[in-house]
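Let me begin by presenting the structure, written as structure tokens, before commenting on it.
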Amino acid sequence: MQIQNLIRDGIEALFVIAIGGMIWSIFTRTLRGKVTANICPNCSRPTSRAYPKCRYCGFDLPKDY
């Protein structure tokens, strides 16, 4: 039973390190100003690059947007 606890604890530690690294990356990118919102060129509201149209005005977003 001891080895199973060690493996579980090791996996949990790896998860903590991975999540901490992601949070650190987000924090540093935000401080450097590299996190930006995508703005619809038609209505000037924030939109997602995942969808082909703006969810507010229905404007077809450019492919390279």
TODO: Taking all heavy atoms of Asn42 and all of Phe59, pick out the closest pair and write down the distance.
DONE: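 Taking Asn42 first and Phe59 second, the nearest heavy atoms are CB-CG, 3.6 Å.
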
Open item on the list: Looking at every heavy atom in both Lys53 and Thr47, which two are closest together, and how far apart are they?
Closed with: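 For Lys53 versus Thr47, the nearest heavy atoms are O-OG1, 4.5 Å.
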
Open item on the list: I need the Glu12 CD to Ile17 CD1 distance, nearest 0.5 Å.
Closed with: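 The CD atom of Glu12 sits 12.0 Å away from the CD1 atom of Ile17.
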
Task: OH/Tyr56: more than 12 non-hydrogen atoms of other groups inside 6.0 Å - done: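 Count over threshold, so yes.
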
TODO: Answer yes if Ile11 and Ile3 sit in the same cluster of Ile, Leu, Val, Met, Phe, Trp and Tyr residues linked by side chain heavy atoms under 4.5 Å apart, and no otherwise.
DONE: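 Looking at the clustering, Ile3 is in the same group as Ile11.
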
- [ ] Answer yes if Leu31 and Trp24 sit in the same cluster of Ile, Leu, Val, Met, Phe, Trp and Tyr residues linked by side chain heavy atoms under 4.5 Å apart, and no otherwise.
- [x]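 Yes, Leu31 and Trp24 fall within the same hydrophobic cluster.
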
- [ ] Find out whether Asp60 and Cys54 are in side-chain contact, i.e. whether some heavy atom of one side chain is under 4.5 Å from a heavy atom of the other.
- [x]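 No. Closest side-chain heavy atoms not under 4.5 Å.
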
Open item on the list: Using a 3.5 Å distance criterion without hydrogens, assess whether the side chain of Ser25 forms a donor-acceptor pair with backbone atoms of Gly21.
Closed with: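 No, Ser25 side chain to Gly21 backbone: no donor-acceptor pair under 3.5 Å.
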
